[in-house]
Novice: 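Take this structure, written in structure tokens, and hold onto it; I'll ask about it next.
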Amino acid sequence: MPATFPDYPFASNWFDRGAGIRMHYLDEGPRDAPPVLMVHGNPSWSYYWRHLVLALRGRYRCIVPDHIGMGLSDKPGDDAYRHTLAWRIQDLDRLLAHLGIDRDLTVAVHDWGGAIALGWAVRHATAVRRLVILNTAAFPLPAGKRLPWTLRLVRNTGLGAWLVCRLNAFARGAAWLGVYRRLAREERRALLAPYDTPAHRLATLRFVRDIPVQDTDPAWGPLVDTERRLGLLADRPTLLCWGLRDFVFDEDYLNQFVRRFPGAEVHAYEDAAHYVLEDARARILGAVESFLQRHPL
């Protein structure tokens, strides 16, 4: 793995989430500044948020964890860590308690980071003051929708597991197909760097296999519980930035959030895909900075 990554000039921090398993995180900006938590999904890592951290760290405290098994965090096997939504929410809870962050928090989410961070947020609603939501979900599949065939392949078949763990197909596919604007080679390499061996790709597989589609799936209960409690956050200033060319979190998901957060400020981009912060970087950075300024704490 490279020692440095483009546009990622940050100091690394690690937190023991238990049993010696270390979670890597960024902690950039003044320690007494309003905190902004940025939570990635699968198969990205804290590198995804790099430009927003650079834009905000002069005035805000930017906390950006790598989920266990991803990014620069430890990559334990199934014998040491349960790669489930409930454990991911617990990880976030332990990290924020360790950092002493329990108020005036802005929560920014993307992809499965929405289920995790909003899952934490509805359980600590008094700590959350603002929301920034990018191409994600915090509820089961909208009515009438199915998982795309690519996710069904990974979730349900041995072939899918082999493609992910042996060939790194999920992370590679996301780096190519998750953007409308082709990434520079160095950016793609940085996104893929943590997943350099089959053992280091386990979490990218487990994330997909944890997607709940029925009430017997382990993540179904925590996700439905989050959905039921989203109303606790509905009065918070909310910014929605959405890449409309996302073939997973498409416009149906955006509409679900608009319905649940009717006062939200919405920016939808026809020329952006799943990695919306890569495709619409300048516009989103401007929108987030303006949003935070117009909704001071």
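For the single chain, residues carry numbers from 1 onward in sequence order. Note that the structure is predicted; figures quoted are calculated from it, not measured.
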Novice: Quick one: does H110's side chain have a donor or acceptor within less than 3.5 Å of a partner on H274's backbone?
Specialist: yes
Novice: Between I63 and L105, is there a side-chain heavy-atom distance shorter than 4.5 Å?
Specialist: no
Novice: So, taking the atom named OH in Y25 and the one named CG in L92, what distance separates them when rounded to the nearest 0.5 Å?
Specialist: 12.5 Å
Novice: Looking only at atom types and distance, does a side-chain atom of W242 sit under 3.5 Å from a main-chain N or O of T136, one as donor and one as acceptor?
Specialist: no
Novice: How long is the straight-line distance from CZ of R61 back to CG of L99, given to the nearest 0.5 Å?
Specialist: 5.5 Å
Novice: Do L239 and V288 come close enough that some side-chain heavy atom pair is under 4.5 Å?
Specialist: yes
Novice: Under 3.5 Å, side chain of Y48 to main-chain N/O of L277, donor-acceptor pair present?
Specialist: yes
Novice: Between D215 and W220, is there a side-chain donor-acceptor contact under 3.5 Å, judged purely by atom types and distance?
Specialist: no
Novice: Answer yes if L191 and L54 sit in the same cluster of Ile, Leu, Val, Met, Phe, Trp and Tyr residues linked by side chain heavy atoms under 4.5 Å apart, and no otherwise.
Specialist: yes
Novice: Just by distance, no angles: are the side chains of D27 and N13 close enough, under 3.5 Å, to form a donor-acceptor pair?
Specialist: no
Novice: Mark yes or no for whether D210, through its side chain, and R206, through its backbone, hold a donor-acceptor pair below 3.5 Å.
Specialist: no
Novice: Under 3.5 Å, side chain of D246 to main-chain N/O of V248, donor-acceptor pair present?
Specialist: yes
Novice: The criterion is salt bridge (charged side-chain N to carboxylate O under 4.0 Å, His left out); which residues satisfy it with R130, sequence neighbours excluded?
Specialist: none
Novice: Taking all non-hydrogen atoms of both residues into account, name the closest pair between A264 and L240 and its distance.
Specialist: CB-CD1, 3.8 Å
Novice: Just say parallel, tilted or perpendicular for the rings of Y8 and F5, cut-offs at 30° and 60°.
Specialist: perpendicular
Novice: Do D74 and R17 pass the salt bridge (charged side-chain N to carboxylate O under 4.0 Å, His left out) test, and can you show the C-alpha distance, the side-chain angles, and the key distance before you say yes or no?
Specialist: CA-CA 10 Å; D74 286 349; R17 65 87 58 208; over 6 Å; no
Novice: Examine distances only and state if a side-chain atom of W45 and a backbone atom of A190 form a donor-acceptor pair shorter than 3.5 Å.
Specialist: yes
Novice: With no hydrogens and no angle check, just 3.5 Å: does a side-chain donor-acceptor pair link H67 and N42?
Specialist: no
Novice: Which heavy-atom pair separates V109 from A117 by the least distance, and what is that distance?
Specialist: CG1-CB, 3.4 Å
Novice: Do other residues, nucleotides or ligands put more than 12 heavy atoms under 6.0 Å from E270 CD?
Specialist: no
Novice: Do F170 and R201 come within less than 4.5 Å of each other through their side chains, counting heavy atoms only?
Specialist: no
Novice: With the 4.5 Å side-chain cut-off for hydrophobic clustering, are V266 and F257 part of the same group?
Specialist: yes
Novice: Please report the closest heavy-atom contact between I21 and A80, naming both atoms and the distance.
Specialist: CD1-O, 3.5 Å
Novice: Could you tell me which non-hydrogen atom of A11 sits nearest to which non-hydrogen atom of E28, and how far apart they are?
Specialist: N-OE2, 3.3 Å
Novice: Heavy-atom distance under 4.5 Å between the side chains of Y269 and D279, does that happen here?
Specialist: no
Novice: Would L153 and V213 show up in the same hydrophobic cluster when neighbours are defined by side-chain heavy atoms closer than 4.5 Å?
Specialist: no
Novice: Between S46 and D66, does any side-chain donor sit less than 3.5 Å from a side-chain acceptor?
Specialist: yes
Novice: With no hydrogens and no angle check, is any side-chain donor or acceptor of R22 less than 3.5 Å from a backbone partner on F15?
Specialist: no
Novice: Answer yes or no: is there a side-chain heavy-atom contact under 4.5 Å between D111 and F249?
Specialist: yes
Novice: Would you indicate whether R146, at its atom CZ, is surrounded by more than 12 heavy atoms from other residues, nucleotides or ligands within a distance under 6.0 Å?
Specialist: no
Novice: So, applying salt bridge (Lys or Arg N to Asp or Glu O under 4.0 Å) with D271, which one of R283, R181, R281 is it?
Specialist: R283
Novice: I want to check a possible cation-pi pair here: R260 against F139, using under 6.0 Å from ring centre and within 45° of the ring axis as the test.
Specialist: yes
Novice: When rounded to the nearest 0.5 angstrom, what is the spacing between CD in E187 and CD in E278?
Specialist: 5.5 Å
Novice: Using only atom types and a distance under 3.5 Å, with no angle test, would you say the side chain of Y275 pairs donor to acceptor with the backbone of G243?
Specialist: no
Novice: Does the side chain of T204 reach to within under 4.5 Å of the side chain of M70, using non-hydrogen atoms?
Specialist: yes
Novice: From I68 CD1 over to M23 CE, what is the distance, rounded to the nearest 0.5 angstrom?
Specialist: 4.5 Å
Novice: Around R294, counting heavy atoms of other residues, nucleotides and ligands shown, do more than 12 lie under 6.0 Å from its CZ?
Specialist: yes
Novice: Measure the CZ-CG distance between F261 and D235 for me, rounded to the nearest 0.5 Å.
Specialist: 9.5 Å
Novice: Testing the 3.5 Å rule here: is there a donor-acceptor pair between the side chains of T157 and R152?
Specialist: no
Novice: Using only atom types and a distance under 3.5 Å, with no angle test, would you say the side chain of R236 pairs donor to acceptor with the backbone of A125?
Specialist: yes
Novice: Could you go through T226 and R123, starting from their C-alpha distance and side-chain angles, then the distance that decides it, and tell me whether this counts as side-chain contact (heavy atoms from CB on, under 4.5 Å)?
Specialist: CA-CA 8 Å; T226 297; R123 294 161 177 81; 3.2 Å; yes
Novice: Under 3.5 Å, is there a donor-acceptor pair linking the side chains of H83 and D78?
Specialist: yes
Novice: Minimum heavy-atom separation for A138 and L230, please, with both atom names.
Specialist: O-CD1, 4.1 Å
Novice: Which atoms form the tightest heavy-atom contact between L85 and P222, and what is the distance?
Specialist: CD2-CB, 3.9 Å
Novice: Given side chains that start at C-beta, do those of V224 and P140 come closer than 4.5 Å, heavy atoms only?
Specialist: yes
Novice: Can you confirm whether V276 sits close enough to Y180 that some side-chain heavy atom of one is under 4.5 Å from a side-chain heavy atom of the other?
Specialist: no
Novice: Does S73 reach the main-chain N or O of G71 with its side chain, forming a donor-acceptor pair under 3.5 Å?
Specialist: no
Novice: State the NZ-CG distance between K145 and D252, to the nearest 0.5 angstrom.
Specialist: 4.0 Å
